[in-house]
S.K.: 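Can you read through this structure? Questions will come right after.
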Amino acid sequence: MRTTADLREGFLSFFEEKGHVRRPSASVIPTADDPTTLFIVAGMQPMKRWFLGLEPAAAPRLTTAQKVVRAGGKQNDLDDVGLTNRHLCFYEMLGNFSFGDYFKDGAVDYAWEFVTERMQLDPERLWATIFAGDPELALGEDEVASKAWDKYLPRERILGLPRSENFWQAADTGPCGPCSELYYDRGRKYGCGRPDCAPGCECERYLEFWNLVFMEFDLAEDGTLTPLPQQNIDTGMGLERAAMLLQEAHSFAEIDILQPLLDWIGERANAAYGSTDEATKAYRVVVEHARTAAFLVAEGVAPSNEGRGYVLRRVIRRAVQFGRRLGLEPPFLYELADVVRGQMGSVYPELEERRGEVGALIQGEEERFRETLARGEKLFEEVVAKGEIAPEDAFRLHDTYGFPWELTKELAAERGLEVNEEEFTRLMEEQRERSRQGSAFEVDIKISAGAARSEFVGYERTDVLTAILAYADLGDGTFQAKLERSPFYPEGGGQVSDAGYIENEETGARAELLKATRLEDDQVLTFQGEGFGEGIRVRAVVPWSVRFSTTANHTATHLLHKALRDLLGEHVKQAGSAVRPDKLRFDFTHPQALTPDERERVEHAVNQVVFQNRPVRAFVTPIEEARNLGAMMLFGEKYGHEVRVVEVDDYSRELCGGTHVRSTAEIGPFVILSEGSVGSGTRRIEAVTAGEAFALLHERSREADALREELAETRKQSKRESRSATADIVYREESGDLVVAEVKAVKGSALRDLSDQIRQTKNALAVLLGSVDDGRVYLVVNVDPSLVEQGVDAVAIVREAAKKIGGGGGGRPTLAEAGGKNPAGLSEAYEVGKSEIASALG
Ligand code: ATP
Ligand code: MG
């Protein structure tokens, strides 16, 4: 036993020999009636109801290889991936389970037999741990487990460990019990060298690879234990960890099924695996996360900002981050995910079935992240140059630039810097509070109240000569000022503050505008720069490109508002908006999600008005007059006597103080990015216009071309395959209802399809079809449903036959397949298959 595939199969068949029924892995997404975890974290979890005695178990003894993901909950190993040699986020857990059947002695006996006789691990290097007892749980040391191990191990290699290590529970409540873990001593070279290093130590010397859980209690919310109706066994062996032992792999990334991923990276990276600790860590992270991402998407998870989607997003983003340290530029992970499919697709067919989605979703997320990173990293470097990372800076990176907090933390740690997490969390809270109240970011106003009023000229001008009316030094090279005439739009009405600068007319000194703040009908400007003071004459400039994108987005927001009311109804009310240079956001009341059709019609309606190139005007008028004109006003907003109305010719009128285009064609294409919920009855649309929209459309059309090409190529390929396959069939036997045939170099779905085809053309009730491809043997058993009714099971037959070709298999009762490594056994496999069918039919 050496390969991971052998180990998986060897484990399951060993326990089958011991009377256990083999079951397939459940989905890694828990069923709706189990809200305790985000993902399946252990093999026992899908069987929870059986452990609790709520339902009778499928059989008293079961065995499975279960997909698990430990991230985003109490069982969270995501951040350990890369740091240690042994932690994965997604892995397979092998397990044997007993429901009121054998208990501690049986579990220990089987475990010992399997590891010493099948895995042939050195018994001298094996250790066991047991539960040492816990006063809070009112439990003493697990003497029964200790006695069970006495048969095999000397006393000094049986260790008692506390509750934190040796009392198992999947969640805060539910089935649980003391456990006993198997460790393997990998040798001094893996160790930390401390004199007290032993199993349970955090270093890599003693590897925990199997946990035997003696499930006998139900843990209630208040922490009390109730004995379960029966005593059960639940064990979990990490497949990858056990494979590390068999293959003497230094880390999980080097085991046979993951090595091809390492190789793939190695061919593209600028540093070799093992060349430095940093590189090695990055390789491990990328390998692991490529696989986790592939499986999560295959299970139907899509990247998002909450729950499972957020875990997927973090996994992809973390992989990209570490990949870049190796010189891999995103998108690359989606290609690596395809290598995963190549390695594991035969065991987990969902990887094959969802192949297109896996590629597309991972690639899309990588691209979004690439843009975020480019912006954020530049800023991070500027921040780090100051020698420390203020929580305010970390917050700004996160809030304004979408740079992940985890990344800031990680990058900071790499440079030996720390960020005050408490303070960061507080800022996040404040931000949440602010956005709830809808108020703008407050700047401490230092300008004296008596100063004269500033005149805003920004509707007409973005470049003016003027003078500083009032000045206050804030220290740190920043100051506040009021200008006689200002082109700077102060944040308000959903539109962000302008960016720009002032220039000292005499000296040429420049100061960058940090923020323009509204003070009723006045404004105060905060700048970074030196060489200014009261009375100094300056040139004030808003770069046109910055102003223009915001302006286009603002007018587009009005068009969107009107289009939504026209198409969905008058109940649509604006609930908030954010107009920025890069995109616009519009929140509105509407009871349900937009259908794809509605979304398209809204987008279309806005573009319609854009292409009609309608003039846009703004005028100031008494509020009664604005009301008579039917201008849209925001509920709950206080307006003065005179109001400003922005009018899109013959289309919409809205009270608004923002900056707008002169005619709608300036907006350019309008593209909706997303539509989603932001609380009950409130929806949010995000959209882009002008240059951003064009770039997006361009990208989409490129993707569509690539997809179309790929589709055409796949079609051609499958035509070629089926043509050549039909040509090469060799019929070995056609006796009545049974056909045995062989074909060269066909596998997977093509081989399955071919078996269907043969069964139809030959009008057969059963087909055994074999194929040899690249040294591997494949076998398909295809039977008519009428035979299944008579008790024939293609899965059972293929498994029996697979023994002859040195492999294993699975499938459905009508169609099952197997793969193996022994082409010489194919003839024998046919014979086994034939006699199995015959005997099943009696
Ligand atoms: P560790 O202390 O090493 O994190 P654990 O105590 O969390 O392990 P269990 O919850 O007992 O582990 O899980 C059962 C088995 O699953 C372990 O004995 C180990 O073989 C494997 N395992 C646990 N966590 C991981 C992981 N992150 N990656 C790979 N295998 C794991
Ligand atoms: Mg753990």
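Counting starts at 1 for both ligands and their atoms, in listed order. Here, residue 1 is the first one in the sequence, and each next residue gets the next number.
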S.K.: Please confirm whether Arg325 makes a cation-pi placement over Phe322, using NZ or CZ under 6.0 Å from the six-membered ring centre and within 45° of the ring normal.
M.R.: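 Yes, Arg325 and Phe322 form such a contact.
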S.K.: Checking side-chain polar atoms at under 3.5 Å, does Asp122 have a donor or acceptor matched by the opposite partner on Tyr184?
M.R.: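 No, because no side-chain N or O of Asp122 sits under 3.5 Å from a partner of the opposite role on Tyr184.
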S.K.: For ligand 1, which atoms, with element, lie under 4.0 Å from some heavy atom of Gly236?
M.R.: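 Result: 14 (C), 15 (C), 18 (O).
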S.K.: Run down the list Arg241, Met237, Met244 and name the one with the heavy atom closest to atom 30 (N) of ligand 1.
M.R.: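 Going through Arg241, Met237, Met244 one by one, Arg241 has the nearest heavy atom to atom 30 (N) of ligand 1.
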S.K.: Can you tell whether the side chains of Glu299 and Arg308 come within less than 4.0 Å, N to carboxylate O?
M.R.: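 A salt bridge is absent here (no side-chain N lies under 4.0 Å from a carboxylate O).
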S.K.: Counting both backbone and side chain atoms, is some N or O of Phe209 under 3.5 Å from an N or O of ligand 1?
M.R.: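 The answer is yes, given that Phe209 and ligand 1 share an N or O pair closer than 3.5 Å.
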S.K.: Going by the closest heavy atom to atom 26 (C) of ligand 1, which one wins out of Tyr183, Phe252, Tyr91?
M.R.: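 Among Tyr183, Phe252, Tyr91, the closest heavy atom to atom 26 (C) of ligand 1 belongs to Tyr91.
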S.K.: Using a 4.0 Å heavy-atom cut-off, say whether Arg70 meets ligand 1 through its side chain, its backbone, both or neither.
M.R.: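 Only the side chain of Arg70 comes within reach of ligand 1.
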S.K.: Looking at Phe167, I'd like to know if the NZ or CZ of Arg163 sits under 6.0 Å from its six-membered ring centre while staying within 45 degrees of the ring's axis.
M.R.: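 Judged by the rule, Arg163 and Phe167 form a cation-pi pair.
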S.K.: Check this for me: does any side-chain nitrogen of one of Asp338 and Arg355 sit under 4.0 Å from a carboxylate oxygen of the other?
M.R.: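 Salt bridge: yes.
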S.K.: Would you mind telling me if ligand 1 is within reach of the side chain of Asp77, the backbone, both or neither, using heavy atoms under 4.0 Å?
M.R.: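 Just the side chain.
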S.K.: Between ligand 1 and Gln75, is the shortest N or O to N or O distance under 3.5 Å?
M.R.: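 For ligand 1, there is no N or O atom that lies under 3.5 Å from one belonging to Gln75.
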S.K.: Any Lys/Arg nitrogen of Glu208 or Arg86 sitting under 4.0 Å from an Asp/Glu carboxylate oxygen of the other?
M.R.: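 So Glu208 does not pair with Arg86 through a salt bridge.
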S.K.: So is Arg86 touching ligand 1 or not, going by heavy atoms under 4.0 Å?
M.R.: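 Under 4.0 Å: yes for Arg86.
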S.K.: Does any N/O atom on Met93 come nearer than 3.5 Å to any N/O atom on ligand 1?
M.R.: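 N/O-N/O distance below 3.5 Å does not exist for this pair.
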S.K.: Under 4.0 Å between a Lys/Arg side-chain N and an Asp/Glu carboxylate O for Arg324 and Glu366?
M.R.: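 Result for this pair is no, no salt bridge flagged.
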S.K.: State the atoms of ligand 1, each with its element, that fall below the 4.0 Å cut-off from a heavy-atom position in Trp210.
M.R.: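 The list of qualifying atoms is 18 (O).
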